[in-house]
Amino acid sequence: MKVGLLALQGDFAAHGKALARLGCGGVEVRRPDQLSGLGGLIVPGGESTALLKLIAEGGMDRAIQEFGERGGAIFGTCAGLIILAREVRHPAQPGLGLIDVGVERNAYGRQRESFEQAISVPALGNDPFPGIFIRAPKIVRLGPEVEALATVGSDCVLARQGRILVATFHPELTPDGRLHARFLEMVRAGA
Amino acid sequence: METGTLRLKTGLAEMLKGGVIMDVTTAEQAKISEDAGAVAVMALERVPADIRAGGGVARMADPKKIVEIMEMVSIPVMAKVRIGHFVEAQILEALGVDYIDESEVLTPADEHNHIDKFAFKVPFVCGARDLGEALRRIGEGAALIRTKGEAGSGNVAEAVRHMRLVLRSMKELTILSPEELMTKAKEMGAPYALVKLVAETGSLPVPNFAAGGIATPADAALMMQLGAESVFVGSGIFKSEDPAPRARAIVQATTHYREPDVLARVSEGLGEPMPGIDLTRLEEKELLQIRGV
C-alpha cells in the first residue's frame, strides 16, 4: 500500500525518511492526479499560509478533500493539522474541514517559545513519546467524533477522527517511529 | 520542558524547506510577501541593492520597524545582524525575532570572530561560500546555512558557484579514507568532528538554502535543481517593476522547480526584473561575500 507525501512545501522529506525506516517508500505528491492509487497521505509540517496558497493554486485542496471523503487515511503534523482542521484562528484562515477540530495557530508564541517535552501517549504503550513543538498550534475545540490520544497540560496534542490522525508536534523530526507505524496500520486497515 | 535546543533550531528551518524567504523593509512589503506565499520574511533597513548603492555602515534595522513587521504577518520573521555583533543579536532575541541572519550584507562589527550562536535560544542562519566556511559557522552554532552568492547584484552566478562548491566538497569527503580526514579538516579550516560527520553522511547536519542574486522564477528553480532546499530572495522582488506577481511566480517556481511547463507559465509577463550587475566589473573590495569568512 503506497503512502503519499504532500510535497508542495515543508518537511515532507523528513516524513519520507520516517516511512523509509519502517520499510515503506513514500511517494511525493505535487499534483491532484498523483493521489490516485494511494492508500494514505501525509500532510507535513511547514508554513500553513504558504501551503494553503499552494494547495489552492492547482486544485489540490479539493483533491485532498475527495481523497479523505473516499476513505483515504491522512496524517497531518503541525501545519498539516492546520490545513486539515474545520476552523482555524489567530489569524482566521480556511481549513479543509476533514477533522472536526478548532485550531489556534502559533498558540504558544514565537520560535523562542518552541519547546521539547516528553508526551504520554497511552495508545503507544508506556514509553513517553518525544514531543517537538515548533511555533506549534493548539487544538482548542474537539468535535464529538474526535478522540484525544495525548495531552500536554490541558491541551490535546494528538487526535484522531476515523481515518484522520493529527498532531500539533513533529514525530518526523525524531527517530521514534511509533506514530508513523500506527498511521501505516490505519492505512492498511482501510485497504 | 526544554527550549532553544539544536533540534528546535534546525526544526524551524525544516519547516521552511521548499519555500521562499523574502527581504522586506516595511510592514506593507511583509504583507505582500505573505499573501504571495512566502514561508518567512527577512526584515531589514534597506535591501542589499540599496546598501550596495548607498554605501556607509549598514546595521541592524530599527526595532520599531521589525516589531511592525512581526505584528503584520503570522509567518516567521527573520532579521539581520552584523557579523560578530552579539549585542544586536541580543536585541533581536529580546524582540522575539524567529531567526537571526548573521549577515555579510551588513558591515561586519568584528573582523575576526563570529557570534557564539550556542549562547542564544533563537536560531541563526549564516552565509557560506564553501564547505569549510559552512562547517565553521555550524561549529559556532548556526542551525541553517545559505550560500552567500553576491547579494544585491541580481546575478545568480555566485550563488551557483557557492552551491556547487559546497556540494562537490561534500561528495569528495565521502570518498576519503578515515586517516585523510584530519589533514582535510586542517586544510579546510573546519572542525574535525563536523568534517568526519559530513564524510559519513554526505550532507550537512543542518538545512542548506540558497541566497544572493536570485531575481527570477528560473533563478529560484535553478538553485533548487542544483540542490538548495529553499531560496532567499533579497532585492529581487521589491527592486523589480511589479513585486507582487513576481513574488507569487517565484513561490510557484520553487515548489514546481522540476516542471519546465509550470516554470514557463509562471515566468510570463512579470515586467522588468531588478537591474543586474556584471560581477566581473566589480572590484574585489566591492564584493560582500568576502566579509566574515
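In what follows, chains carry the letters A, B, and so on, assigned in the order in which the sequence lines appear, proteins first and then strands, with residues in each chain numbered from 1.
Annotation: the span from His180(A) atom NE2 to Cys24(A) atom SG amounts to 10.0 Å, rounded to 0.5 Å.
In this structure, Lys117(B) pairs ionically with Glu140(B), as a charged nitrogen and a carboxylate oxygen lie closer than 4.0 Å. A salt bridge links Lys31(B) with Glu34(B): the distance from a Lys NZ or Arg NE/NH1/NH2 to an Asp or Glu carboxylate oxygen falls below 4.0 Å. The pair Arg248(B)-Asp35(B) does not count as a salt bridge, with every side-chain nitrogen at least 4.0 angstrom from each carboxylate oxygen. Between Glu68(B) and Lys65(B) there is no salt bridge, since no side-chain N of the basic residue sits under 4.0 Å from a carboxylate O of the acidic one. The pair Arg31(A)-Asp33(A) counts as a salt bridge, with a side-chain nitrogen and a carboxylate oxygen less than 4.0 angstrom apart.
The residue from Leu179(A), Val157(A), Leu165(A) that alone fulfils the side chain to side chain contact (heavy atoms under 4.5 Å, CB included) condition with Leu149(A) is Leu165(A).
Contact annotation for Arg30(A): both backbone and side-chain heavy atoms come within less than 4.5 Å of a heavy atom of chain B. Contact of Ala13(B) with chain A is not made at all, since no heavy-atom distance falls under 4.5 Å. With a threshold of 4.5 angstrom between heavy atoms, Phe133(A) approaches chain B through N, CA, C or O but not through any side-chain atom. Only the side chain of Thr49(A) comes within contact range of chain B, with at least one heavy atom under 4.5 Å from a heavy atom of that chain. Of the two parts of Glu229(B), neither the backbone nor the side chain holds a non-hydrogen atom closer than 4.5 Å to a non-hydrogen atom of chain A. Of the atoms belonging to Val73(B), not a single heavy atom falls under 4.5 Å from chain A. Proximity to chain A (any heavy atom under 4.5 Å) is restricted, for Val122(B), to the side chain, taken from C-beta onward. Neither the backbone nor the side chain of Ser48(A) comes within less than 4.5 Å of any heavy atom of chain B. For Glu57(A), the part sitting under 4.5 Å from any heavy atom of chain B is the side chain, from C-beta outward, and nothing else. Using a 4.5 Å cut-off between heavy atoms, Arg112(A) touches chain B through backbone and side chain atoms alike.
Note: Arg110(A) leads Glu172(A), Arg110(A), Glu113(A) in heavy-atom pairs under 4.5 Å with chain B. If you tally non-hydrogen atom pairs under 4.5 Å between each of Lys121(B), Lys9(B), His256(B), Met70(B) and chain A, the highest count goes to Met70(B). Chain A forms more heavy-atom pairs under 4.5 Å with one residue of Asp98(B), Val20(B), Val77(B) than with any other, namely Asp98(B). Residue with the most contacts toward chain A among Leu12(B), Thr3(B), Thr5(B): Leu12(B) (heavy-atom pairs, distance under 4.5 Å). Each of Glu259(B), Glu93(B), Met1(B) has some count of heavy-atom pairs under 4.5 Å with chain A, and the biggest count is that of Met1(B).
A cation-pi contact links Lys138(A) to Tyr108(A), judged by a cut-off of 6.0 Å to the six-membered ring centre and 45° from its axis.
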Handout entry: Worked verdict on Arg178(A) versus Asp127(A) for salt bridge (Lys or Arg N to Asp or Glu O under 4.0 Å)
Key = CA-CA 10 Å; Arg178(A) 285 178 292 163; Asp127(A) 287 345; 5.1 Å; no
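Ring planes of Phe209(B) and Phe232(B): tilted class, angle from 30 to 60°.
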